[in-house]
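Right, one structure below, let's go through it.
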Amino acid sequence: MSFPTHRPRRLRRSEALRGLVRETRLATSGLIYPMFVCPGTRIRQEVSSMPGIYQQSVDQVVEECREVESLGIPGIILLGCPKPRTPAAPAPSAKRAWYSGRLKRFAKQN
C-alpha cells in the first residue's frame, strides 16, 4: 500500500488547533501554564521539583492568572492539591473525585 488516500484533517479544524500542532515553532502562544491550587487563603508554597511553580490558594491564583495573561501565555491548567490524609480517613473514590461542582464550591469556600 502506498501513501494513504484519505488524510484526516481533525488537527487543522481551527486556528487554535493548528497553532498547537505546528512544526518546531516555540513561542509563548503554544504554552500552557500549570497552576496548583490548595485550600486556604494567602498561601504560596514553592513546588520543590518544579522551580518557579507554586502551590497557591484561590486568591493568589487569580492574581497569577493576570500575570500569565500579560506574558502572552494563552492557557493554564489547574491542578488541585488534596489535603494530606490521616490514617483514619478513607481514600476518596474515583467517582467522588470527578465532580464538576467541586471547584466552584472550593472557590466559594475560600
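For this chain, numbers begin at 1 and follow the sequence in order. All of these numbers come straight from a predicted model, not from anything done at the bench. Just so you know, these numbers use all the heavy atoms, side chains as well, and skip hydrogens, waters and symmetry mates.
- Side-chain contact between Leu79 and Val37 is absent, with no heavy atoms from C-beta onward closer than 4.5 Å.
- A heavy-atom distance below 4.5 Å is not found between the side chains of Glu46 and Gln55.
- The closest side-chain heavy-atom distance from Phe36 to Val61 is not below 4.5 Å.
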Margin query: Using the rule given for side-chain contact (heavy atoms from CB on, under 4.5 Å), can you reason through Glu63 versus Gln56, listing the C-alpha separation, both sets of side-chain angles and the distance that settles it, and then say yes or no?
Written below: CA-CA 10 Å; Glu63 292 174 20; Gln56 304 174 99; over 6 Å; no
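- Within the 4.5 Å cutoff, the side chain of Met35 has no heavy atoms near those of the Tyr54 side chain.
- Between Gln60 and Arg42, the shortest heavy-atom contact is NE2-CA, 3.7 Å.
- In the displayed structure, Glu69 atom CD is contacted under 6.0 Å by at most 12 heavy atoms of other residues, nucleotides or ligands.
- When all heavy atoms are compared, the tightest approach of Ser29 to Pro74 is O-CG, 3.2 Å.
- Nearest heavy-atom pair across Gly40 and Ser57 is O-CB, 3.1 Å.
- Screening Thr28, Leu71, Ile53 for a side-chain contact (heavy atoms from CB on, under 4.5 Å) involving Tyr33 leaves a single residue, Ile53.
- Across Ile32 and Ile77, no two heavy atoms sit closer than the pair CG2-N, 3.9 Å.
- Taking 4.5 Å as the limit, some side-chain heavy atom of Leu78 sits within range of a side-chain heavy atom of Ile76.
- With contacts defined as side-chain heavy-atom distances shorter than 4.5 Å, the pair Cys38/Gln45 does not qualify.
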